[in-house]
J.: 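Encoded as structure tokens, here's the structure I'll be asking about.
When a residue number appears, it is its place in the shown sequence, counting from 1. The model shown is predicted, which means the values in this text are computed figures rather than measured ones.
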Amino acid sequence: MSSIWEQTVRREDRPPLAGDIQVQAVVIGGGMAGILTAKELAGRGVHTVVLEAGRLGGGQTGRTTAKITAQHGMIYQGLILHFGKEKARQYALANQRAVERYRGMIEQAGVLCDFQTCPAYLYSRLAAEPLEREEEACRRLGLSVGFTTQTTLPFPVKAALRMEGQALFHPLKFLHWAAEGLTVYEDTPVTAVRGDEVLTPKGKVRAEHIVFAAHYPFVNLPGFYFTRLHQERSYAVALKGTGELDGAYYGVDPGGLSLRPFGSMVLLGGGGHRTGDNRAGGQYQMLEDSAERLWPNCQVAARWSAQDCITLDGVPYIGTFSPTRPRWYVATGFGKWGMTSSMVASELIADQICGKENALAPIFSPRRFSMLAARTMAKEGGQAARGLARAVFAQGDGSLDGLPPGHGGLVSWQGKKVGAYRDKEGQLYLVDPRCPHMGCQLEWNPEERSWDCPCHGSRFDYEGRLLDGPAQTGL
């Protein structure tokens, strides 16, 4: 299902890499982080190319809700507690600077990308006290916030925390502008990275510096990012026939909804879950039912889902990939806030490549570690162990004959467990339900008709074709 952004942008195809080349820097990934980093490097005179496995912006950048904001949920109390006030302040102001950099770039170049300055809100329908504490934390860090009970939401709230000077835009229109003048090779998946060489099906790139900006670092060693990240899915619908909103809204209650305007429409998001944990489905239906209650007789113009990488402590990993690979760099773990995190990453990584000191390096360093990270890593290890155990010991949930049209799941067939999907015409599709990344048990996602890995978030369509990494091959 295509997003509202994919439906409302014109694009030009770019050729794949054909042959061997040598450059100063190669960026793996043609999403917002990759293109902004390549643009920053090119602006500093660094000969850079971008390798994109599919189409420019065809990953998470084309599936975001495109809020440009330093308001990343209820995070600032926790950042102060776990990182201290100074590092929390660096994180906050780095993201607010990212908002201003977008604004400056767009206004200076006159980019037509539906950019609008607006407030961003956290809201609760249940309690005001948590937002009051978050307001105090934000003020301590120098963020411009205000406490209110008045919003343009179509329902009453107990409280809302308003952050001024934030923004919204059309991410793909901006991305295609940002990519103008850059050398981008589409349909060029990276099959391996060895030292200073990046291998693709039809050629290789030799580079002094290699940037991994392809959402999830697909190289397991060094770095061990698969032990320090998990992935989550969330869902969105674009609605016609709604009321107007004055800005971006993010619900902090359990099951809270995300809302933002886009022209005369409202984008409604929610239904988030860990990738591989959606057997029952129903997320789109929940959003559409919510929309009908809020705006009776509204119409759905588009619906889509996105996937986010989550770090152990909630702060992105941006910087040197590993101590043993000082000229490899990574930008990952943006959570649900990829727009400002991408801009932060572009400047930080460009500084590191150009040998310029950046005060933000410690807070975003992939090498950092804390007791919070240690506790979270233990949970992630347990999740992976359960996924591996299911792959080895679990049986199918039913028989192949009992699978009705339009349904999928794990079934027993000829004495073994298989992943099966029967389409509405009765055509049957069978796959090996073990993830090729590390062998974990895949789970059926009825929302997307996909096989999802609960360990590390790889996804495959019902025919076994790769949708999302870190896996690099289909089933």
J.: So that I know where these two stand, are Phe218 and His437 an aromatic pair - ring centroids less than 6.0 Å apart?
T.: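 Phe218 vs His437: aromatic centres not under 6.0 Å.
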J.: About how many Å separate NE2 of His273 and CG of Asp452, when rounded to the nearest 0.5 Å?
T.: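 Answer rounded to 0.5 Å: 7.0 Å.
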J.: How close do Phe321 and Tyr225 get, heavy atom to heavy atom, and via which atoms?
T.: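 Between these two residues, the closest heavy atoms are O-OH, 2.8 Å.
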J.: SG/Cys453 to CZ/Arg274 distance, rounded to the nearest 0.5 angstrom?
T.: 9.0 Å
J.: Can you measure from CD (Glu135) to CZ (Arg140) and round to the nearest 0.5 angstrom?
T.: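 The distance works out to 13.5 Å.
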J.: Would you confirm whether the ring centroid of Trp5 sits within less than 6.0 angstrom of the ring centroid of Phe262?
T.: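 Between Phe262 and Trp5, the centre distance is under 6.0 Å.
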J.: For the atom pair OG (Ser365) and CG (Leu360), what is the distance rounded to the nearest 0.5 Å?
T.: 12.0 Å
J.: For the pair Cys440/Cys435, is the SG to SG distance below 2.5 Å?
T.: no
J.: In a table with atom names and distances, give each donor-acceptor pair under 3.5 Å that connects a side chain of residues 51-59 to protein atoms at least two apart or in another chain.
T.:
residue	atom	partner	partner atom	Å
Glu52	OE1	Gly30	N	2.7
Glu52	OE2	Gly54	N	2.8
Arg55	NH1	Asp187	OD1	2.8
Arg55	NH1	Asp187	OD2	2.5

J.: What closest approach, in Å, do Ser234 and Asp308 show between heavy atoms, and which atom pair accounts for it?
T.: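 So the minimum-distance heavy-atom pair works out to OG-OD2, 4.0 Å.
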J.: Is the shortest side-chain N to carboxylate O distance from Arg101 to Glu40 below 4.0 Å?
T.: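 Looking at Glu40 together with Arg101, the answer is yes, because their closest N to O distance falls below 4.0 Å.
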J.: Given the ring of Tyr235, does Arg303 sit roughly above its face, with NZ or CZ under 6.0 Å from the centre of the six-membered ring and within 45° of the axis?
T.: no
J.: Answer with yes or no after comparing the ring centroid distance for Phe115 and Tyr102 against a 6.0 Å cut-off, counting only values under it.
T.: no
J.: Can the ring centres of Phe226 and Tyr216 be said to be less than 6.0 Å apart?
T.: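 They do not qualify: ring centres at least 6.0 Å apart.
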J.: Going by the side-chain hydrogen bond (donor to acceptor under 3.5 Å, both in side chains) test, name the single residue among Arg103, Gln96, Gln71 that passes it with Gln166.
T.: Gln96
J.: Restricting to salt bridge (Lys or Arg N to Asp or Glu O under 4.0 Å), what partner residues turn up for Glu6, sequence neighbours left out?
T.: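 Counting only residues at least two positions away or on another chain, Glu6 forms a salt bridge (Lys or Arg N to Asp or Glu O under 4.0 Å) with Arg63.
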J.: Please name the pair of heavy atoms, one in Arg368 and one in Ile363, separated by the smallest distance, quoted to 0.1 Å.
T.: NH1-O, 3.5 Å
